[in-house]
Amino acid sequence: MNTISIVGLGAGDIEQLPLGIYRKLQKVEGAIYVRTMGHPVISELQKEGLAFESFDSVYEAHDQFDDVYEAIVRQLVEAAKHQHVIYAVPGHPMLAERTVQLLIASDEVNVEIKGGQSYLDDLFTALKIDPIEGFQFIDATSFVRDELQLQHHLIFSQVYDAMMASEIKLVLLEDLPPEYKVTVVTAAGSSSEQLVTVPLEELDRAVAVNNLTSVYVPPVKRGSLNHQFFRLREVIRTLRGPGGCPWDQKQTHDSLRKYLIEEAYEFIDAVNREDDEHMVEELGDVLLQVMLHSQIGEDDGFFSVDDVIQSVTEKMIRRHPHVFGQAHVDNAEDVLTNWDEIKKQEKGEEPESLLDSVPTSFPALLQAEDLQKKASKVGFDWDNVELVIEKVEEEWEEFLEAKEADNKAEMEKEFGDWLFAIANVARHYKINGETALQRTNHKFRHRFASMERQANSVNRTLDDYSLEEMEQLWVRAKYEKEEDKG
């Protein structure tokens, strides 16, 4: 098995080329393979008679960098079958060199790393930063926003053209303001070194970039990252901790129960109004309740928000095998069938009753619908909706009989039976009873408010109107230009 010796050409001009590497290159007979001719040292060495064979044409033949790197490695491995290969790369072979990593992983050749000088030392010197404070080195050609540690010194390498600079800018603008200062560093440590600091929004148009260009983003203060999850967690921990808020400190799971329900309903109200701004606010209030309960769990030593997130993440992966596994589904109904089956397997022992999984704390109408759905899965259901409608009429007659008998307790029972039957009708027609009733509530609110406005317009209140007059106001409200949804 032949060997490929890999050397680094340093960060910039020939003054940065290590002496040992220079001497080794001078002894090479034949061509030296280089990833690209676009490095200042190469032109200097060519003047001294050294010959180079580059892979620049490979870049032109492929659209994706991964394809480029794999093609380079194939050619190097093939060349190594016939001769000892010297492969020269910019900087140091072990810094931001994907082709080197692929060669090391290959079982077709031996790889020797002969060294070189990384440009990081010169970069730290130029920027006057100490990486021990926290440092992240990012390949600008391949990164995602979630990976960025914005509280550290952040350096993007391989920012070789304006398009790459633009991509960095667009990603950073998701977290940073347009005026945030970043520094463009070119040819660090060389005689051509250049540092230009610009507002983030001007990154892709303020300065020229080339294959020796990096972009430095200074550490961002924690208070400027309030949109990130860790900040919310810090705030809640502070509120519950020593010197925090007395109200937050005394809360328990029990004392907070009603707030979670209230906030959930307020979010639903914002959805019904199609009010995006308030959806954001109300979802934040729901999340606040989740965070408070999680912090109480952490304070008591039982669980933390990490456990909450892990639990739901793993559940979503388990219950979507058609996305994260090999299962196949044809439609949404198949998804629900799989979901129920997987859920049953997760629970292990069968509950005493099929209906035990329906929380008794649900609102009555929602609880009725879920109870009926569960029962229908074992065939306990009406054959067709006409029979359900007959049941509604039957329950209403029984309510009227109880009314005639002036039996309040029986009236309440029969009225509940009638509502339960109504919920069953809605289920058979695939109507969400809760949503339907909310729409009607909204419609009533809108029309009653219209009646009040009509009365106010003539300096009257509804108290001044007879029932017959109010009926007329109601009719007008139904046909207002601004018709309600429902």
Side-chain angles (χ1 to χ4, degrees), residues 2-28 30-46 48 50-62 64-80 83-106 108-123 137-142 155-161 164 185-190 210-214:
N2 286 333
T3 298
I4 296 178
S5 296
I6 307 177
V7 299
L9 297 175
D13 54 35
I14 199 166
E15 298 300 325
Q16 295 172 287
L17 183 65
L19 180 59
I21 299 298
Y22 175 78
R23 288 174 174 171
K24 184 175 183 65
L25 293 175
Q26 290 289 345
K27 295 177 182 179
V28 175
I32 299 168
Y33 289 90
V34 292
R35 181 164 60 77
T36 176
M37 296 290 285
H39 191 284
V41 169
I42 292 178
S43 59
E44 294 293 322
L45 293 175
Q46 284 178 320
E48 299 184 17
L50 276 68
F52 296 92
E53 183 173 330
S54 83
F55 293 103
D56 288 324
S57 60
V58 178
Y59 283 88
E60 298 173 1
H62 298 277
Q64 302 296 323
F65 282 112
D66 285 345
D67 296 334
V68 170
Y69 300 146
E70 289 173 4
I72 290 174
V73 168
R74 284 196 300 270
Q75 292 185 37
L76 287 169
V77 169
E78 184 61 31
Q83 60 184 334
H84 180 82
V85 169
I86 301 293
Y87 176 45
V89 297
H92 190 284
M94 298 304 293
L95 182 72
E97 279 297 334
R98 179 61 181 157
T99 56
V100 173
Q101 296 301 317
L102 291 173
L103 285 169
I104 291 173
S106 173
E108 297 184 63
V109 291
N110 291 320
V111 174
E112 293 179 346
I113 305 297
K114 293 300 184 179
Q117 180 182 338
S118 160
Y119 86 111
L120 284 180
D121 288 346
D122 292 316
L123 192 64
F137 190 54
I138 300 293
D139 181 352
T141 67
S142 177
I155 292 176
F156 291 88
S157 66
Q158 305 197 79
V159 189
Y160 54 79
D161 62 19
M164 199 65 62
V185 185
T186 301
S190 74
N210 57 43
N211 62 345
L212 298 180
T213 298
S214 298

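In what follows, residues are counted from 1 in the order of the sequence shown.
With sequence neighbours excluded, the residues satisfying salt bridge (Lys or Arg N to Asp or Glu O under 4.0 Å) with Lys114 are Glu112. Scanning for side chain to side chain contact (heavy atoms under 4.5 Å, CB included) contacts around Ser157 gives Ala96, Tyr119, Phe137, Ser214, with sequence neighbours left out. The salt bridge (Lys or Arg N to Asp or Glu O under 4.0 Å) test applied to Glu78 returns Lys81, not counting sequence neighbours. With sequence neighbours excluded, the residues that form a side chain to side chain contact (heavy atoms under 4.5 Å, CB included) with Pro40 are Leu212. Partners of Asp161 according to the side chain to side chain contact (heavy atoms under 4.5 Å, CB included) rule, which considers only residues two or more places apart in sequence or in another chain, are Met163, Met164. With sequence neighbours excluded, no residue forms a side chain to side chain donor-acceptor pair (under 3.5 Å) with Asn211. Phe156 meets the ring pair (Phe, Tyr, Trp, His ring centres under 6.0 Å) test with Phe143; sequence neighbours excluded. Here Tyr160 pairs with Phe65 under the ring pair (Phe, Tyr, Trp, His ring centres under 6.0 Å) rule; sequence neighbours left out. Residues passing the side chain to side chain contact (heavy atoms under 4.5 Å, CB included) test with Gln75, sequence neighbours excluded: Phe55, Val58. Partners of Glu48 by side chain to side chain donor-acceptor pair (under 3.5 Å), not counting sequence neighbours, listed by chain and number: Tyr22, Gln26. Here Glu44 pairs with Lys47 under the salt bridge (Lys or Arg N to Asp or Glu O under 4.0 Å) rule; sequence neighbours left out.
Only one option out of Asp139, Thr141, Thr213 pairs with Gln158 in a side-chain hydrogen bond (donor to acceptor under 3.5 Å, both in side chains); it is Asp139.
Asn2 and Glu108 share no donor-acceptor pair across their side chains, judged by distance under 3.5 Å alone. Counted by atom type alone, Ser5 and His84 present one or more donor-acceptor pairs between their side chains at under 3.5 Å.
Nearest heavy-atom pair across Val34 and Tyr87 is C-CE1, 4.1 Å. Between Ala140 and Val159, the shortest heavy-atom contact is CB-CG2, 3.9 Å.
Atom NE2 of His39 is separated from atom CG of Leu45 by 10.0 Å, given to the nearest 0.5 angstrom. For the atom pair CD1 of Ile14 and CD1 of Ile42, the computed distance is 11.0 Å after rounding to the nearest 0.5 Å.
The side-chain heavy atoms of Leu9 and Val89, taken from C-beta on, include no pair separated by under 4.5 Å. Between Glu97 and Arg35 the shortest side-chain heavy-atom distance falls below 4.5 Å.
Residues in residues 2-12 take part in no salt bridge (charged side-chain N to carboxylate O under 4.0 Å, His left out) pair, two or more places apart or across chains.
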